[in-house]
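In what follows, every chain begins at residue 1, and chains take the letters A, B, ... in the order their sequences are listed.
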Amino acid sequence: MEEKKDKTGLLREVLDGAAGLAGSYAATLTHLFRRPVTEQYPEYKRPMPARTRGRIILTRSPDGKERCVACYLCSGACPVNCISMQSEEGPDGRRRAAWFRINFARCIYCGLCEEACPTLALQLTPEFAFCKDAIEDFVYEKEDLLVDHGGKDPDYDFYAHAGVAAGRPKGEHIGEDEPVDVKSILP
Amino acid sequence: MTALGALFYLLSAVMLAAAGLAATRRNPIHAVCCAVVAFLASAGVFTVLGAPLPGALQVVVYAGAIMVLFLFIIMLLGLPVGQGSVPATRLAAPGVLVGASLVALFTLLIRDPAGLTPLPAATAAPGAVGAVLFGDYWLAVEAVSILLFAALAAVLLLGRARRGHKGGEPA
Amino acid sequence: MPDLIIDGRPVRVPKGTPVIAAAESLGIVIPRFCWHPALGAAGACRMCAVMFLDGPVKGLEMSCMVPAADGMVVETFHPEAVTFRRRVVELLMANHPHDCPVCDEGGHCLLQDETISGGHALRRFPGRKRTYLDQDLGPFIQHEMNRCIHCYRCARFYQEYCGYLDFGPMQNANRVYFGRFASGPLESPFSGNLADICPTGTLTDKPGRYKSRRWDCQRAPSVCPHCSLGCATVALSRYREVVRVEARENPAVNGHFICDRGRYSFGYAASAERPRQARADGVPTSMSTALALAGTRLGGVVEAFGPEAVAVVGSARSSLETQTALTALARAGGWRGPAFFADRTEQQAVAAALAALAGGRARSLAEIGQADAVLCLGVSPLHDAPMLALSLRQAARAGAVVAVADPRPATLPLPFTHLPLAPDKLPGAAALLTGAEAADAAAIQRALPLSPELWPALERLAPAFAAAGNPVLVFAPALAAQAPADARFGLFPVLCGPNAAGAALVADADAPACDDLARAIEAGEVKGLVLAEADAAALSPRLAAALPGLETLVVLDHLPTPSFAAAKVFLPTQTLFESGGTLCNNEARLQYAAPVAPPGEPVSRDGRGGHPPRDYARKLPGTDPLPAAALCAVLALEMGLDMPALSFAAFTGVGPEDVAPEGTRATRLPAAPTAPAPPSAPPGQGLVVVRDDALFATDAYGRYAPLARAQAPAASVVRLHPDDAAGLGLADGEALTVTVGDRRIEATLAVSAAVARGAAVVPRLPGWAGLPAAIGPETLRRRQP
Amino acid sequence: MTDILCGILVMLARMAVVLAVVFGLAAYMILVERKLLGRFQVRYGPNRVGLFGLLQPIADGLKMLLKEDIVADGVDRRIFLIAPAIVAGAALFSFAVVPFGPTFAVFDRPIAQVIADTDVGLLVIFGLSSLAVYGVALGGWTSDNKYSLLGGIRGAAQMISYELALGLSLVPVAMMARSLNLTDIVSAQATLPFALSQPVAFAIFVVSALAETNRIPFDLPEAENELQAGFHTEYSGMRFALFFVGEYVNMILLGSVTAIFFLGGWNGPLLPPIVWFGLKVLAVPVFLIWTRASLPRLRYDQLMALGWKCLVPLGLANILVTGALLAAGR
């Protein structure tokens, strides 16, 4: 199959090869004088974007109450089954988590739980470096997850929109009419 | 005994021991290693005797090239490693033959008064050797090199012919 | 038989089938909210719109309202239909609250499914949402009226299908409200089904509120063990606890629904009182130790007194597998038993009732719904077998004549005739109505001389029954002899216990009953007893009293019964939810209940309400119990007995592999034994004791289910006819002291003309089991303040 | 007697100096390589241990010393233990004949800046470099691991092949210097380094020497993405370090030898001879590191083709031309 190369072809090949070699040497040489792109991590911590997917928190609504209603959507969405919980009715009639557990040793920080969360309770924070000596310590309970602020969206209040009477009576949520008087005969 | 003399005997002893081990090891790798040691020791002997050039050549050619090829072939073949040393019975006939010839040789050496006279210091400077090799013996050297080249070509040809015959890739 | 084409696929359906059902028979599920196979069409939700391309109907029509007809060509995914349905969803969502996360229906909500599949994600309607105030509908149903889409399923089920009127629609136009006139518990014993049929979260299951999402539950088909009907259920379990029981469709038995007793009595399996650890002489120990001890003790008895000194007692609540294993164990050891029934009469009665079913005379619940005359003889439908009442309701809706001849007061959600007759009068009444005797006025007066108020009713009923083409006799086993020879009559026995029929099939014809064993214990012939999933106190007070005379009592159970407390060696067993099992219902239908809950202490109790322990290396608590059948096998091994490999196929003719999903009738029924003697009038002046079930907490399992027990009346009630009350000098509502053996029970008296003369109706509770067959004034006394 | 004692002392001192310098250089050559590679790849390289990572070699050495020396099951123990020593030993022995500068006098006593000034220095270096292959081949064979064996076989074949080209590239040097003594070869380049008068030989030498050191682009015996780590897959701790140190000592040796054979040794203007020599010696490893950063690994058949079809014929032709020119010039 090999074609017989004429003299100029061979020469061209040699020159091309030499140019290719020289090109790669030149490329590395120019790199030598460039400023390294490495970030000196522990001394310099890059400010992470707010939407970076790190440690998970449970936030609170503007009135300071727990946002999480333990609806199981995050645990349903979690591809690695690292979220488990038990819902219950709280003293104020709101649905809440009796316990809420995230196993960060299993979590892959995919953010699907955050996307699934209908009350904006569960949020991923930019905090990504939280090492532990024992793997059991990565199991975070509700006490460890709950923070005292609203996270990325501090103004949202699920119970101001929901039609269920927990905290405020029927008809006083955003965009609601007065309750129907079922015994009235007025048209 | 001078220090060089002591070194000579030491190296000779190592050479003999290594050669003996090389002949009796069943594990071919071990045998090759022992042979290499023997070659190195012989190179040392040459150097001690004031002839560094043969010593260096011994290392370059035998220890450095030929035995590496041996090793290479053995590794490539993956020969099974035998146990212990070679049984005496199988080597009896050649052993007896070699022993007898050695005895005959030493007898001749000792019987012959010329064998007992000390040899003059070898002239093994590189330039002198080169002059002798390519001056006095150029014909023999060239003849040998042509012979080796012919052998090489023949081996190549034979190897190719056989592969082609087997229906492998066309030559 | 119309032929039509739906989505390019031809299908032939019975005449009158709506197109939506025809599509479903092809596996094409047309979206729907208001249509339900049991309730029929209402055309309220407009969701099932499909395009009719050809045939007698053309254009966009509701598939539930159009009966299938020849030549129809239907396209369910026609663009116009899809757009229509999408807009319907948007309209339905206009007033729907934004509360899916806190709604228990989320995850199995029809409205949610259709909203998502319709792609409705953004609210375009700018107006305000209509709201309603909710009502407290009692302990079973949570009301959240804002979520309602006005499909009318609840009202149609509650009022039309069940016949109760305290819940229904109110107001008009855009303000229609489904509820009661005032807050209060729902009266219907079938109210739990509202949670099943409501397509949104308006009516949800209150006991299961906020417990779990559907997708997190382990689900398996199960069989209801709370009466002898064997309704099909689905059990849902999560975190090692059954959290909900739902109706499963079984067209031959319960249709689509179950009663509240079957739905809310599951709590016994995860109850805190449930014994989960083996005990030796009352001291908790390991299962292996207890098994070894049981083997040693029973072996000692056998060695000292011979194998005849050991007896086995089973019960009508064990599965066929357990009953078979007990039989195999008794046979292997040469022991007495197993005894499943209180006395020989009862066993013969159940066997006779089953024997009467031979020859294709057995009727299923569904077939009762199609009967044109039903006589309940000695059966109070709502309490003995609640789902029977729903079938009777369907029969009555179709115009059937229903009569209940029973000494207990009866209420049914349908027009019926109650004949309050004492047990000894029942055979006579049955003979009149089933045509065994001529039923003219004279004969009626002769048969029931002391009940003139019943004569007109009987005179009216007798010709109706005589003219009926498809009458059914529902009877208690004690009245098996009254099964008419007339082949028109279908037969439907109602037994006591979920697997009473299985026990009658498994038991030998000459097997000892509990009373026989009690006599043997008293005589010193029996020294060791194996009591498997049976409460001696409830089964036979005489046996319970004889238990201290035993040398060894080995109890296998999962309920904290009095027998558990008396056990020398206790071995915990698994429940039907955990081990699964086959039950044989009253019509000899074998049904398999699959295991659903993993054994072990529920996570909720393990974590004491908070988060469960994080010690992942430990053994799960409460996982000792084994299936009773397995325990029998280990016990046999422990004692070196060679237990025969016995399958219940040997007794029923149906093997485990032959049990179909909708159940399979046993093919080997008992050969007709000597029918039990009909109940006779008590000697002397005593009142006949008639035991009555309540809806909740009188069945063997319900007594130990916290939720069911909470629904039981606070005080026990004794019911008497006004004449009898006057005879005893007692007035309605008086506090009574009832003497049972050497104990005194407090009760209140209820006087009603719906009680038969000469009968005292007492609750069927273990404490009352010791009452004699007839009682007098020395037993019923006014309580001294 | 005093003479002999002095001679021995001087000899020992020279050996000590050479060993210390070579080991120190080898250790820091590792650091230099890592730093340089880092910068070639626009990153920092080691900078955690000490100022600019200057203590990194010490940390590495400590780590290697303290690590467990694992001898896997199924290995030929004696050979397994010796193999790394052969690699490092052969490289170190070569420094015996390497001159670092011209002979100078202390107390009228001529002190050669070489441990053993032999007439056949070129051949000794050549021979010792050919022994290094035993370390690679035996280490690979004895590890009882198919990847190691493949690495060993590749190493043996590659080093035998390129030894020939190496030898052929040195023949013109010896011809032009008319000696095999390294000091003589350096003196012969007093006016013009052989790199300029023998460019073809220089090129062949550089390529084949690169191949002899088993470095990228000729690191087929340890090709990570095919053979894990090739012949030293099974080695750990100090024995692995010996392979490693051997490679870097080899790089320095290669620098020394290149300086002597082709770059004019210590000859140079202005600066003292030893400084010139040091600069030339260090230039070669830096070039090797640069090459490692720049070139991809060859395929095995490309390696063999380059050696046998390109370098060997070129070397033979070069000898012929050189001989002819020398004969003509005589």
Original post:
Any side-chain heavy atom of Asp181(A) sitting closer than 4.5 Å to one from Tyr132(C)?
Top reply: no
**OP:** Side chain from CB out, backbone as N, CA, C, O: work out which of these in Phe181(C) comes under 4.5 Å of a heavy atom of chain A, or both, or neither.
**Re:** both
**OP:** Using a cut-off of under 4.5 Å on heavy-atom pairs, state which of His161(A), Arg94(A), Gln86(A) scores highest against chain C.
**Re:** Gln86(A)
Original post:
At a heavy-atom separation under 4.5 Å, does Glu143(A) approach chain C through its side chain, its backbone, both, or neither?
Top reply: side chain
Original post:
Would a distance-only check, ignoring hydrogens and angles, find a side-chain to backbone donor-acceptor pair under 3.5 Å from Asp99(C) to Ala162(A)?
Top reply: no
Original post:
Could you name the residues of residues 199-220 of chain C that have a heavy atom within less than 4.5 Å of a heavy atom in chain A?
Top reply: Arg209(C), Tyr210(C), Lys211(C), Ser212(C), Arg213(C), Trp215(C), Asp216(C)
Subject >> Member of Arg130(C), Arg128(C), Arg175(C), Lys129(C) meeting the salt bridge (charged side-chain N to carboxylate O under 4.0 Å, His left out) criterion with Asp177(A) >> reply: Arg128(C)
**OP:** Determine, stepwise, if the pair His611(C) / Phe100(A) fulfils side chain to side chain contact (heavy atoms under 4.5 Å, CB included).
**Re:** CA-CA 7 Å; His611(C) 56 73; Phe100(A) 191 104; over 6 Å; no
Subject >> Residues, nucleotides or ligands: over 12 heavy atoms within 6.0 Å of Arg46(C) CZ >> reply: no
Original post:
At a heavy-atom separation under 4.5 Å, does Val603(C) approach chain A through its side chain, its backbone, both, or neither?
Top reply: side chain
Original post:
Just wondering, more than 12 heavy atoms not from Ile174(A) lying within 6.0 Å of its CD1?
Top reply: yes
**OP:** Verify the neighbour count for atom CZ of Arg87(C): are there more than 12 heavy atoms of other residues, nucleotides or ligands below 6.0 Å?
**Re:** no
**OP:** Could you look at Pro126(C) and say if it's the side chain, the backbone, both or neither that has a heavy atom under 4.5 Å from chain A?
**Re:** neither
Original post:
Which bit of Tyr159(A) is near chain C, if near means a heavy-atom gap under 4.5 Å: side chain, backbone, both or neither?
Top reply: side chain
Subject >> Contact summary for Thr131(C) and Gly171(A), nearest pair of heavy atoms >> reply: OG1-CA, 3.9 Å
Subject >> His173(A) vs His98(C) side-chain heavy atoms within contact, under 4.5 Å >> reply: no
Original post:
Quick one: are Tyr72(A) and Pro101(C) in side-chain contact, heavy atoms under 4.5 Å?
Top reply: no
Original post:
Is the backbone N or O of Pro97(C) less than 3.5 Å from a side-chain atom of Glu176(A), with the two atoms forming a donor-acceptor pair by type?
Top reply: no
**OP:** Calculate, to the nearest 0.5 Å, the distance between atoms NZ and CG belonging to Lys170(A) and Asn146(C) respectively.
**Re:** 3.5 Å
**OP:** Answer with side chain, backbone, both or neither: which region of Ser75(A) has an atom nearer than 4.5 Å to a non-hydrogen atom of chain C?
**Re:** side chain
Subject >> Interface residue of largest heavy-atom contact number with chain A, from His96(C), Arg614(C), Glu144(C), under 4.5 Å >> reply: Arg614(C)
Original post:
In terms of heavy-atom contacts, does CZ of Arg51(A) have more than 12 from other residues, nucleotides or ligands at under 6.0 Å?
Top reply: no
Subject >> Heavy atoms of other groups near Arg618(C) CZ, more than 12 under 6.0 Å >> reply: yes
**OP:** Find out whether Gln171(C) and Ile185(A) are in side-chain contact, i.e. whether some heavy atom of one side chain is under 4.5 Å from a heavy atom of the other.
**Re:** no
Original post:
Based on non-hydrogen pairs under 4.5 Å, which of Glu178(A), Lys183(A), Glu136(A) is most in contact with chain C?
Top reply: Lys183(A)
**OP:** Give, for atom SG of Cys103(C) and atom CZ of Arg95(A), the distance between the pair rounded to the nearest 0.5 Å.
**Re:** 8.5 Å
